[in-house]
There are 2 protein chains.
Amino acid sequence: MAPSPSSFDSSALPDAAGAGTPAFSPLYQQIKGLILQSLEAGEWKPGEAIPSEIELAARFRVSQGTVRKAIDELAAENLVVRRQGKGTFVATHAERHTRYRFLRLVPDSGGGGEGAAQRNILECRRQRASAEVARSLQLRTGDPVLQVRRVLSFAGVPTILEDLWLPGHPFKGLTAEQLAAHQGPTYALFEVEFGVRMVRAEEKIRAVAADVQQAALLGVAPGAPLLSVERLSYTYNDVPMELRRGLYRTDSHHYRNELN
Amino acid sequence: MAPSPSSFDSSALPDAAGAGTPAFSPLYQQIKGLILQSLEAGEWKPGEAIPSEIELAARFRVSQGTVRKAIDELAAENLVVRRQGKGTFVATHAERHTRYRFLRLVPDSGGGGEGAAQRNILECRRQRASAEVARSLQLRTGDPVLQVRRVLSFAGVPTILEDLWLPGHPFKGLTAEQLAAHQGPTYALFEVEFGVRMVRAEEKIRAVAADVQQAALLGVAPGAPLLSVERLSYTYNDVPMELRRGLYRTDSHHYRNELN
DNA sequence: CAGTGGTCTAGACCACCAA
DNA sequence: TGGTGGTCTAGACCACTGC
């Protein structure tokens, strides 16, 4: 490519903030960043194929191997899916073999994912962010947010009661009807209708006792132990886009986790 | 290496069982398997360095890149740790920056891992495996197992009550004194004293109500909600080596999980 | 300075898929 | 058959560590 084989260009723009980081950034990381930008900008939609490794290598003037390593990392982070012989595709929460990507609750009796859950939307209203919600979603207290409350049932048994808080801006126009009507994961709806792709999440899990209202909605006795799952979901660039508080019945399901 | 550059040898022994799998196994996977065998056989102890990539490449008669890819996967599975400029080291539960590798319980007030937990061993006795324990540990009902019951306290507050079941064979001779005296993670003790390295684990999490005995041991009211964490830990080759049932207080701690 | 892991390239070939 | 991702090699050079 260039006169001397190993004089690759690190004159790109790796540092936005003016902190004089003498950071050394490998080429493939820079390429990864560029692909990430295209992903964010929506150059390729979820489910679509991105350009082939050879094309990207030509575009960025690097070798295929370097593009490959960049894509390897994106694939490891589940932002992209490789399919041998076909191409590399933008990851999506829809059409994914493993039904609900972020839901770790599984029935005790082996299986994997019983059919889709029945959704029962109890509330969907505009309101102002409390201090706590604002902090989680990196908003200001009082900023507009959407709150959704719903119950998910499996095989007719109400199993999950959850509240969702969504920032008002990207989710303007979300209605209870939409939430009730669509098929598949709610995160797939977010992708299609609002262009918001959830990429990773953090959960804080506790055991709590059901209060009277919660007990009634989930069909358990007041004081019954429930799993409290607080989830913060992020889009690209670690921007939080959803706060979710779920209460899970764990009498015939359990939360499954793998440790490495 | 050989006359024609791409005629690499797939005449190794990838299939033990006589099932005629026409599986195609990449060279680097075979190399990974060979390194894994040395790891299991104890050719290099936990914390020690394994041979350099160049040495391994020479030993197996493949290129450095192929060894590299094999080690990449081992590193991704936390079996091995790379340290630039120094070498590649066998992973260990001791001397690990992140204190307890498998414990996801963290204090609510940020921090990370408060000082080491105080251990209080309540029981440590030989007994015969129940049907359920036997099934989990892939033993026969009635086979000898060790059962340990203990309470872990953080800053003086009893927080975790757990029962451990260990197969009698590799853990012969384990005593309450050992468990009480040693420093650092219990899994580090297992590595040093019994040569058993836990490599991964699966957890099933539920919310339960404390019974009278559990409540007394943890200093909570009977019926208080507790997190029930059932963990099955595996050594190499997916061999289960420990069943653990923990009850976690989550009034000032929570179970932290990351989803990708 | 030598040794180790880490990056980058260029080119060959294989496995898989669809037309 | 041609295109795509996947594997393998050989060689050059860089970054980090410790003597």
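Residue numbers begin at 1 in each chain, while the letters A, B, ... track the order of the sequences. This is a predicted model, so every value here is computed, not measured.
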Checklist entry - Are the ring centres of F154(A) and H253(A) closer than 6.0 Å? => result yes
Checklist entry - Excluding sequence neighbours, so at least two apart, what forms side-chain hydrogen bond (donor to acceptor under 3.5 Å, both in side chains) with Y236(A)? => result R197(A)
Checklist entry - How far apart are the closest heavy atoms of N237(A) and E40(A), and which atoms are they? => result OD1-OE2, 2.6 Å
Checklist entry - In whole Å, what is the span from the NZ atom of K69(B) to the C1' atom of dG5(C)? => result 18 Å
Checklist outcome for this item: By nearest-nucleotide position on DNA chain C, the 5'-leaning member of E53(B) and T66(A) is E53(B)
Checklist outcome for this item: Shortest non-hydrogen pair, L56(B) vs P51(B), comes out as CD1-O, 3.6 Å
Item to check | Protein-nucleotide distance (R61(B), atom CZ; dT9(D), atom C1'), rounded to Å | outcome: 15 Å
Checklist entry - Any side-chain N or O of T88(A) under 4.0 Å from OP1/OP2 of dG5(D)? => result yes
Item to check | For atom CD1 of I71(A) and atom C1' of dC8(C), their distance in whole Å | outcome: 16 Å
Next on the checklist: Starting the side chain at C-beta, find the nucleotide from dG5(C), dT4(D), dT9(D) nearest to S52(B).
Outcome noted: dG5(C)
Next on the checklist: Checking contacts here: which listed nucleotide (dC8(C), dG6(D), dT9(C)) is nearest the side-chain heavy atoms of L27(A)?
Outcome noted: dC8(C)
Checklist entry - In chain order, what residues pass the ring-ring contact (aromatic ring centres under 6.0 Å, His included) check against F89(B), with sequence neighbours excluded? => result none
Item to check | Closest approach of R59(B) to S38(B) (non-hydrogen atoms, all atoms of both residues) | outcome: NH1-OG, 4.1 Å
Checklist entry - Closer than 4.0 Å, any side-chain N/O of R83(B) to the OP1 or OP2 of dT4(C)? => result no
Nucleotide N/O to protein N/O under 3.5 Å, stretch nucleotides 16-19 of chain C:
| residue | atom | partner | partner atom | Å |
| --- | --- | --- | --- | --- |
| dC16(C) | O4' | Q84(A) | OE1 | 3.1 |

Checklist entry - Please give, in whole Å, the distance from dC16(D) C1' to F89(B) CZ? => result 13 Å
Next on the checklist: Could you tell me how far apart L74(B) (CG) and dG5(C) (C1') are, to the nearest whole angstrom?
Outcome noted: 15 Å
Next on the checklist: Taking 4.0 Å as the cut-off, does a side-chain nitrogen or oxygen of R68(A) come that near to OP1 or OP2 on dG5(D)?
Outcome noted: no
